[in-house]
Structure formats: C-alpha cells, structure tokens
Amino acid sequence: MKKRVLRLLGVAFILITSTGTAVAQPPAGSADSCNNSFESMTLDDILQQANRNGVPEQNARTMFAKVNKNGDEWICQKQLKGTNHYDFIDN
C-alpha cells in the first residue's frame with residue numbers, strides 16, 4: 001500500500017512539473033515564439049516582403065496558410081545563407 005501511494009505521488013509530481021514547464025514557453029501567437037535563428041512574421045509582413053521581391057500576393061497567401069498550421073497568425077522565417085530564398089516553419 002505504501003509503495004502504491006509513493007508511486008501515485010511520483011506520477012502526480014511529474015504531471016505537475018511537466019505542466020509548469022509547458023507554461024514557461026512563449027505562448028503561440030506571439031513574436032517571441034520563434035527561436036533565435038528565425039524571424040517572426042505575420043501575414044502582413046509576408047505580403048510586404050513578397051511585394052518587394054516580386055512574388056505574387058496569392059502565392060504568398062497560399063504559402064502562409066500552408067505553413068501556419070496552428071492558426072495563430074504567426075510563422076517563422078530564416079533566410080538561407082547566400083541566397084534570396086527563405087525557410088519557413090510554424091512557431
């Protein structure tokens with residue numbers, strides 16, 4: 001009985017600490033949710049960049065919709081070294 005109680009307390013401790021860790025991460029939907037090597041971008045940011053680079057607006061909108069899987073209106077981008085190409089990921 002004593003071992004079972006200790007095991008249950010251990011599981012409860014793990015659940016509590018793992019929940020606390022998740023809360024410490026930046027919330028989705030914020031500029032802080034991309035790691036240091038990526039830049040946070042909204043759809044408006046992407047559209048402005050597309051316009052400067054001669055990319056059709058519809059292509060930029062389609063790309064943003066495909067990358068923004070969690071629907072929070074933020075994605076992360078990193079320019080690939082030595083190119084005019086970008087890597088896009090969801091935050």
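Computed from a predicted model, the values in this text were never measured in an experiment.
Checking side-chain atoms of Asn53 against main-chain N and O of Gln49 turns up a donor-acceptor pair under 3.5 Å. Of the possible donor and acceptor atoms, none in the side chain of Asn70 sits under 3.5 Å from a partner among the backbone N and O of Asp90. Gln48 places no side-chain N or O within 3.5 Å of a backbone atom of Arg52 that could act as its donor or acceptor partner. Judged by distance alone, with hydrogens and angles left aside, the side-chain atoms of Asp72 form a donor-acceptor pair with the main-chain N or O of Trp74 at under 3.5 Å.
Val67 has its side chain out of reach of Gln77: every pair of non-hydrogen atoms, C-beta onward, lies at least 4.5 Å apart. Looking only at side-chain heavy atoms (C-beta outward), Met41 and Phe88 stay at 4.5 Å or farther from each other.
Inspection of the Asp44 and Thr42 side chains reveals no N or O donor paired with an N or O acceptor under 3.5 Å.
Asp45 and Ser40 make their closest contact through OD2-O, 4.2 Å (heavy atoms, listed as atom of the first residue, atom of the second, distance). Listed here is the closest heavy atom pair of Ala60 and Leu47: CB-CD2, 3.9 Å. A pairwise comparison of heavy atoms in Asn84 and Gln79 identifies CA-NE2, 3.8 Å as the closest pair.
The CG atom of Asn36 lies 11.5 Å from the NZ atom of Lys78; values are rounded to the nearest 0.5 Å. Separation of atoms CG (Asn91) and CG (Asn68) is listed at 7.0 Å; rounding is to 0.5 Å.
Ile89 shares a hydrophobic cluster with Phe38; the chain of contacts runs through ILVMFWY side chains whose heavy atoms sit under 4.5 Å apart.
By the salt bridge (charged side-chain N to carboxylate O under 4.0 Å, His left out) test, Glu57 is found to be paired with Arg61, residues two or more places apart in sequence or in another chain being considered.
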